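Each ligand, and each atom within it, is numbered from 1 in the order the structure gives. Heavy-atom basis, side chains included; hydrogens, waters and symmetry copies ignored. Bear in mind that the values here come from a model prediction, so they are computed numbers and not experimental data.
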Amino acid sequence: MIGRLNHVAIATADLEKSAAVYRDLLGAKVSAPHALPEHGVTVVFVELPNTKIELLQPLGDKSPIAAYLEKSPSGGMHHVCYEVDDIAAARDKLAAAGARVLGDIKIGAHGKPVVFLHPKDFVGTLVELEQA
Ligand SMILES: CC[C@@H](C(=O)O)C(=O)SCCNC(=O)CCNC(=O)[C@H](O)C(C)(C)COP(=O)(O)OP(=O)(O)OC[C@H]1O[C@@H](n2cnc3c(N)ncnc32)[C@H](O)[C@@H]1OP(=O)(O)O
Ligand SMILES: [Co+2]
């Protein structure tokens, strides 16, 4: 079902400082910050030759990454995103198998449909699916 690794997301309380680590220390191509109020995050994209890193900072008072940062104030790996050909079919198949699907399919940071799967059903890792 899953295809390419689309991105790995890292939660941070200080987006500017984290972007500087990737840009200035690691020498990566780093975007300007994009606010995504529908997702409750501001994101910076780090372009790597074979995938992307998303640096995420909470946006608004109901951010889905706020509780994570309370537990890990220095930040950390938040989710992995795999590409699928048909996101509705993937969601339905996983839900039928008993996996917890978190909310509805939404349009994600790359303008494509995305949906999240509960970390407790995926080896302790929050999984995002993105339609390729
Ligand atoms: C940039 C836009 C978009 C894109 O296109 O790429 C994005 O990536 S947006 C990214 C942010 N959006 C989301 O994360 C949406 C989905 N997330 C959620 O629905 C919630 O965050 C959650 C996963 C259900 C957790 O909700 P929360 O209120 O934080 O619940 P708990 O704190 O009670 O956590 C329950 C349980 O799960 C563990 N947990 C939580 N988050 C993670 C995580 N990221 N990775 C691994 N494990 C996680 C948490 O520790 C709890 O465990 P226990 O303490 O053992 O119960
Ligand atoms: Co993501």
Just list the N/O pairs, ligand 1 to protein, that are under 3.5 Å apart, with the distance for each.
from, atom 1, to, atom 2, distance (Å)
ligand 1, 5 (O), Ala109, N, 2.7
ligand 1, 5 (O), Glu128, OE2, 3.1
ligand 1, 6 (O), His7, NE2, 3.2
ligand 1, 6 (O), Glu54, OE1, 3.1
ligand 1, 6 (O), Glu54, OE2, 2.6
ligand 1, 6 (O), Glu128, OE1, 3.1
ligand 1, 6 (O), Glu128, OE2, 3.0
ligand 1, 8 (O), Glu54, OE1, 3.3
ligand 1, 8 (O), His79, NE2, 3.0
ligand 1, 8 (O), Glu128, OE1, 3.2
ligand 1, 21 (O), Pro64, O, 3.0
ligand 1, 32 (O), Lys71, NZ, 3.2
ligand 1, 44 (N), His78, O, 2.9
ligand 1, 50 (O), Lys71, NZ, 3.4
ligand 1, 52 (O), Lys120, NZ, 3.2
ligand 1, 55 (O), Lys120, NZ, 2.7

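Under the 3.5 Å distance criterion, the side-chain polar atoms of Tyr68 are matched with a main-chain donor or acceptor of Met77. At least one donor-acceptor pair closer than 3.5 Å links the side chain of Ser63 to the backbone N or O of Ile65. Between the Glu130 side chain and the Val114 main chain, no donor and acceptor come within less than 3.5 Å of each other.
Side chains of Lys52 and Asn6 form a contact here, defined as non-hydrogen atoms less than 4.5 Å apart. Considering only heavy atoms from C-beta on, Leu102 comes within 4.5 Å of Leu126 through its side chain.
The CG atom of Asp14 sits 11.0 Å away from the CG atom of Leu69 when rounded to the nearest 0.5 Å.
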For residues 32-45, dump all side-chain donor-acceptor pairs below 3.5 Å to protein atoms at least two apart in sequence or in another chain.
from, atom 1, to, atom 2, distance (Å)
His39, NE2, Ile107, O, 2.9

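Below the 2.8 Å limit, the Co ion (ligand 2) has as protein N, O or S neighbours His7 NE2, Glu54 OE1, His79 NE2, Glu128 OE1.
Criterion: ILVMFWY side-chain heavy atoms under 4.5 Å apart, direct or through other members. Under it, Val80 and Leu56 are not part of a common hydrophobic cluster.
Residues passing the ring-ring contact (aromatic ring centres under 6.0 Å, His included) test with His79, sequence neighbours excluded: His7, Phe116.
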